[in-house]
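This report concerns only the one structure given below.
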Amino acid sequence: MKLLLLPSLVVIAVFAAALGGLFRYSVLEFVPGSLTPGGFTLANFRAVVSAQYLGYVWDTVVLSAATTVLTLVASYPVAYALARTPSRATRSWLLILTLAPFFTGAIVRTYAWILVLGNAVVTWPIPMLFTERGVLIGLVHFSMPTMILLLAAAISHVDPAYERAAASLGARPGRVFRRVTLPLSLPGIVSGSLIVFAWTLSAFPTPELLGGGRVKMIANGVKDLALDSFNWPGAAAFAILALGLTLGLLSVVGRLAARPAPE
Amino acid sequence: MIGRVVIALLVAFMTLPTVVVVIASFNPTAIMSVPPAGLSLRWYVNALTYPQFRRAAVNSLVATAAAALLALPIGTAAALALERGRLRARNLWTTLLLSPLVVPGVAAGLGFLILAAALGLLRSRTVLVAAHVALVLPFVARSVWVSVRNLDPTLERAAASLGATPWRTFRRVTLPLLRPGLIAGFLFAVVVSANEFVVSLFIVNRVTEVLPVAMFTYVVNYTDPTIAAISSLFIAATVTIVWLTDRFVGLAAVFRLDR
């Protein structure tokens, strides 16, 4: 039985080798005009904390925070409906409509938003395409399926009997929601928000296409360095910063999830 | 009532871009007009005859088929080992197996690019397929694992006690019972691999590029609705696959929404 794990370990080892290469390049010297790096240096990490790249990091954090809040607000009602609808058909349809964009792929979705946001009739009088607002809309749309699934899983674990009990004791629907449903689904809210935040930190196609070169997040900086300037060591250092931010946040999620749920 | 309107609006927001893309793909003019000036299939003809898309479609087909067919047995074996293997560090193995999900695309992409350069494989598809296998493996393992967990071991013991060899038991009892998970896992692998973009962008060139990368390049350089046509084909394929997954296993089970 244990041997069955072996093939997947080979795959993980290849993945680890790729990340190992990333770490190795991040401490090697960039030789302009060559893909072969020079000797050991920490200059790449010093460059990453320069004003230009810290600006990318700041924009990334602000956009990610805004995306998380808006995604949470927009996803909760859909997640609630998904978890609570008595009709099997409604649940199936909501789930398919929720998941379809999840599976449509980044390029198709982002192109779709170019069409919508680039249409002056739709967005008049506020320009949207190639602005942070436009990128924000694209990011929220991108994150909603994930958030809805995580919230729906949390809400479906809240026993509806508690809500009925509160209502039968005279609480109005708004109060039932605020005092019973919301606190009991808090674990889902926290983990959903942290996961969306962490994923948005490394968003790439949405800012690349909807930002039109004017909005740069960390991943866009990595791509510019690696594929346009051929500065693989610099890109590696910047990518490791993104990796560290993402993994750091997700480990917080893991620790929260490992704690027993409050009674 | 207000609740229903809010939910309808939010679902509309989620589906709006998809609807717009499909409408734009049938638009006869290069600049979209509302309401459309007529119906036309010229962008579909354009999309299907553009040489770079054809080449990229073949590359996508090869990479996705290879990745899904490799990941299916590997992921199934991993799911069986994790559920049945009485592993000491089960949580650690699970985390490792799922780790490609949490690594930012640009980090993994650049890592695979550096790996390809180190191995002298910059011109081959080997690294592309290896990267796709790693990226779809968590989805396969997860889907199959749901089926393994629901599998009643007494059925296998019954087969064995009636004289079936372990291999025969596996083939005639275990595999058929795992079928929903296997189908879901395979479909997931196909959808995730066919849509994978960021990692692929780093490790392909003009000759080996896959469809999402070719589409990205087209969007950056041209503004006509050819992309809308090819996107519509993509959406149709994806919706079909998601619907099939729901039919076979129930999406609620895969995402642990079942009560």
Side-chain angles (χ1 to χ4, degrees), chain A residues 1-2 4-5 7-8 11-12 14-15 17-19 21-22 25 35 74 77-78 81 91-92 95-101 103-109 111-116 119 121 141 144 149 152-153 156 202 204-205 209 219 222-223 226-227 232 235-236 239-240 242-243 246-247 250, chain B residues 3 6-7 10-11 14-18 20-21 24 32 34 74-75 77-78 80-81 84-85 87 93 96-97 100 102-108 110-112 114-115 117-118 130 133-134 137 191 195 197-198 202 212 215-216 219 227 231 234-235 238-239 242-243 246 251-252 255-257 259:
Chain A
M1 265 301 174
K2 284 172 190 167
L4 289 176
L5 211 51
S8 47
V11 175
I12 298 303
V14 173
F15 193 75
L19 290 184
L22 189 74
Y25 266 60
L35 286 182
V78 183
R91 194 151 73 119
S92 239
L95 202 52
I96 287 177
L97 287 175
T98 303
L99 287 174
F103 288 122
T104 329
I107 302 302
V108 173
R109 279 200 275 176
Y111 171 73
W113 278 111
I114 294 183
L115 281 183
V116 176
N119 192 319
V121 182
H141 184 254
M144 276 181 72
L149 287 177
S156 69
S202 60
F204 173 70
L209 289 172
V222 174
K223 178 253 169 190
L227 301 185
W232 291 3
I240 284 170
L243 185 67
T246 307
L247 293 188
L250 290 178
Chain B
V6 169
I7 287 156
L10 289 169
V11 173
M14 291 180 69
T15 40
L16 170 77
T18 313
V20 170
V21 163
M32 205 177 97
V34 185
I74 299 175
L80 282 167
R84 301 272 183 87
L87 298 167
W93 297 127
L96 269 180
L97 199 63
V102 298
V103 172
V106 287
L110 183 56
F112 276 109
I114 289 169
L115 185 68
V133 170
L137 194 59
V191 171
N195 284 302
F197 163 65
V198 184
F202 280 82
M215 289 165 69
F216 171 77
V219 175
I227 288 292
S231 298
F234 240 96
I235 291 166
T238 303
V239 170
V242 172
W243 179 73
D246 192 37
L251 289 169
F255 290 97
R256 296 204 279 185
L257 290 180
R259 275 164 263 168

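Lettering of chains follows the sequences in order, A, B, ..., and the numbering in each one begins at 1.
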(request) Might you point out which heavy atoms bring B/Ala81 and A/Leu4 nearest each other, and give the distance in Å? (result) CB-CB, 3.9 Å
(message) Given heavy-atom pairs under 4.5 angstrom as the criterion, report whether the side chain, backbone, both or neither of A/Leu5 touches chain B.
(response) both
(message) How close do A/Ala239 and B/Ala107 get, counting heavy atoms only, and between which atoms?
(response) CB-CA, 4.0 Å
(request) Kindly give the heavy-atom pair with the smallest separation between B/Leu137 and A/Ser8, and that separation in Å. (result) CD2-CB, 3.9 Å
(message) Quick check for you: among B/Ile235, B/Leu110, B/Val198, which has the greatest number of heavy-atom pairs under 4.5 Å with chain A?
(response) B/Leu110
(message) In the structure I gave you, are the side-chain heavy atoms of B/Leu10 and A/Pro77 within less than 4.5 Å of one another anywhere?
(response) yes
(request) Show your reasoning for whether side chain to side chain contact (heavy atoms under 4.5 Å, CB included) applies to B/Val20 and A/Trp113. (result) CA-CA 9 Å; B/Val20 170; A/Trp113 278 111; over 6 Å; no
(request) Name the option with the most non-hydrogen atom pairs under 4.5 Å to chain A; the candidates are B/Leu80, B/Val103, B/Val6. (result) B/Val103
(request) Of all the heavy-atom pairs spanning B/Ala130 and A/Val14, show the shortest one and how long it is. (result) CB-CG1, 4.3 Å
(request) Report yes if some heavy atom in the side chain of A/Arg109 is under 4.5 Å from a heavy atom in the side chain of B/Pro17; otherwise report no. (result) no
(request) Under 4.5 Å, counting heavy-atom pairs only, tell me which of A/Val108, A/Ile107, A/Thr246 racks up the most with chain B. (result) A/Ile107
(message) Report which part of A/Ile114 has an atom under 4.5 Å of a heavy atom belonging to chain B: side chain, backbone, both, or neither.
(response) side chain
(message) Counting only non-hydrogen atoms closer than 4.5 Å, does B/Phe216 touch chain A with its backbone (N, CA, C, O), its side chain (CB onward), both, or neither?
(response) both
(request) Against chain B, label A/Leu243 side chain, backbone, both or neither, depending on which of its atoms sit under 4.5 Å from a heavy atom there. (result) both
(request) Just say parallel, tilted or perpendicular for the rings of A/Phe204 and B/Phe197, cut-offs at 30° and 60°. (result) parallel
(request) Determine the minimum heavy-atom distance between B/Ile114 and A/Leu22, stating which atoms define it. (result) CD1-CA, 4.0 Å
(message) As an exercise, state the distance from CG of A/Leu97 to CE of B/Met14, rounded to the nearest 0.5 Å.
(response) 8.0 Å
(request) Heavy-atom pairs under 4.5 Å with chain A are the metric here; pick the option from B/Val133, B/Leu97, B/Thr15 that has the most. (result) B/Leu97
(message) Distance check, rounded to the nearest 0.5 Å: B/Leu96 atom CG versus A/Phe15 atom CZ?
(response) 11.0 Å
